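Worth knowing before you read on, the calculation uses all heavy atoms, side chains too, and leaves out hydrogens, waters and symmetry mates. Just so it is clear, the structure is predicted and the values come from calculations on it, not from any experiment.
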Amino acid sequence: MTPTSTRPAFADLAVGQDIGSSSISVTRQDLVKYAGASGDFNPIHWNEAFATGVELPGVIAHGMFTMGAAVQLVTDWAGDPAAVVDFQTRFTRPVPVTDTTGTTEAGAVIEVSGAIGALDADAGTARVDLTVVSAGQKVLMKAQALVRLA
């Protein structure tokens with residue numbers, strides 16, 4: 001999804017309205033870059049032997065990487081990252097990222113879709129409910145962003 005050129009108007013929204021969807025391809029290189037940016041160098045995010053040694057299915061994406069990838073749909077739709085005044089979720093499953101080094105394939109794909117879950121006319125906010133899935137499994141539950149709109 002590409003960012004919108006104008007922000008949605010609160011008056012034009014309705015509960016249940018779809019805000020769009022996106023697919024985020026994830027590679028192990030993305031995880032290494034994220035580790036460098038975030039300072040989270042836990043080996044479960046880059047070392048296959050370590051990850052399986054602690055009974056994970058393999059290298060997994062950082063939870064905050066997954067959360068950030070999901071909320072990008074909302075910031076693109078809103079047209080302004082500052083419009084998102086709150087974002088909460090529950091992590092339910094890890095996102096395993098297979099090693100596809102040397103190929104053009106993604107190690108995982110995160111699918112995100114969003115819909116208006118609630119509107120508060122007094123506050124001028126819309127709650128966007130996100131569905132976040134990878135490999136056919138919900139990886140985030142109760143993923144909700146509160147967006148302030150004009």
Worksheet item: What residues, two or more places apart in sequence or in another chain, satisfy salt bridge (Lys or Arg N to Asp or Glu O under 4.0 Å) together with D129?
Response: R127
Discussion item. When you group the ILVMFWY residues by side-chain heavy-atom contacts below 4.5 Å and let the links chain together, are W77 and L119 in the same group?
Written reply: yes
Discussion item. Please say yes or no: joined through hydrophobic side-chain contacts below 4.5 Å, possibly via intermediate residues, are M67 and I60 part of one cluster?
Written reply: no
Item to complete: Check the hydrophobic clustering (I, L, V, M, F, W, Y; side-chain heavy atoms under 4.5 Å; chains of links allowed) and say if V95 and L73 are grouped together.
Response: yes
Practice prompt. Measure the OG1-CG distance between T66 and L140 for me, rounded to the nearest 0.5 Å.
Written response: 6.5 Å
Discussion item. Just to verify, what does D80 make a side-chain hydrogen bond (donor to acceptor under 3.5 Å, both in side chains) with, not counting sequence neighbours?
Written reply: none
Fill in: For E105, all residues meeting side-chain hydrogen bond (donor to acceptor under 3.5 Å, both in side chains), sequence neighbours excluded
none
Fill in: Any side-chain heavy-atom pair of F87 and V74 under 4.5 Å
no
Practice prompt. Find the distance between CG (D12) and CG (L149) and round it off to the nearest 0.5 Å.
Written response: 10.0 Å
Practice prompt. Grab the two heavy atoms, one from A78 and one from V147, that are nearest each other, plus how far apart they are.
Written response: CB-CG1, 4.0 Å
Worksheet, complete the sentence: A135 meets the side-chain contact (heavy atoms from CB on, under 4.5 Å) criterion, sequence neighbours left out, with none
Item to complete: Mind jotting down which residue pairs meet the ring-ring contact (aromatic ring centres under 6.0 Å, His included) criterion with at least one end in residues 21-44? Sequence neighbours excluded, please.
Response: Y34-H62, Y34-F65
Discussion item. Could you report the tightest heavy-atom contact between I116 and A14, atom names first, then the distance?
Written reply: CB-O, 3.4 Å
Discussion item. Applying side-chain contact (heavy atoms from CB on, under 4.5 Å), can you list everything that pairs with A123, at least two apart in sequence or on another chain?
Written reply: D120, T125
Worksheet item: Which pairs with one or both residues in residues 87-101 pass side chain to side chain donor-acceptor pair (under 3.5 Å), sequence neighbours excluded?
Response: D86-Q88, R93-Q137, D99-T101
Fill in: Contacts of type side-chain contact (heavy atoms from CB on, under 4.5 Å), residue V109, not counting sequence neighbours
S23, S25, A106, E111
Practice prompt. Give the cluster check for L130 versus L146: same hydrophobic cluster or not, with ILVMFWY residues linked at side-chain heavy-atom distances below 4.5 Å.
Written response: no
Item to complete: Identify, with sequence neighbours excluded, every residue that meets side-chain contact (heavy atoms from CB on, under 4.5 Å) alongside K138.
Response: T131, V133, M141
For residues 48-59, tabulate all N or O donor-acceptor pairs below 3.5 Å that involve a side-chain atom, not counting sequence neighbours.
| unit_1 | atom_1 | unit_2 | atom_2 | d |
| --- | --- | --- | --- | --- |
| E48 | OE1 | R28 | NH2 | 2.4 |
| T52 | OG1 | E48 | O | 3.0 |
| T52 | OG1 | A49 | O | 3.3 |

Discussion item. With side-chain contact (heavy atoms from CB on, under 4.5 Å) as the test, pick out the partner of V128 among V84, L13, I19.
Written reply: I19
Worksheet item: Taking all non-hydrogen atoms of both residues, which atom of A83 and which atom of R7 are closest, and how far apart?
Response: CB-NH2, 3.2 Å
Practice prompt. Compare every heavy atom of V112 with every heavy atom of A70, then report the nearest pair and how far apart it is.
Written response: O-CG1, 3.7 Å
Worksheet item: At their closest point, which heavy atom of D18 faces which heavy atom of G114, and how far apart are they?
Response: OD1-O, 2.9 Å
Discussion item. If I take atom CD from residue Q72 and atom CD1 from residue I110, how far apart are they, to the nearest 0.5 angstrom?
Written reply: 12.0 Å
Worksheet item: V71, V132: one ILVMFWY side-chain cluster at the under-4.5 Å cut-off?
Response: yes
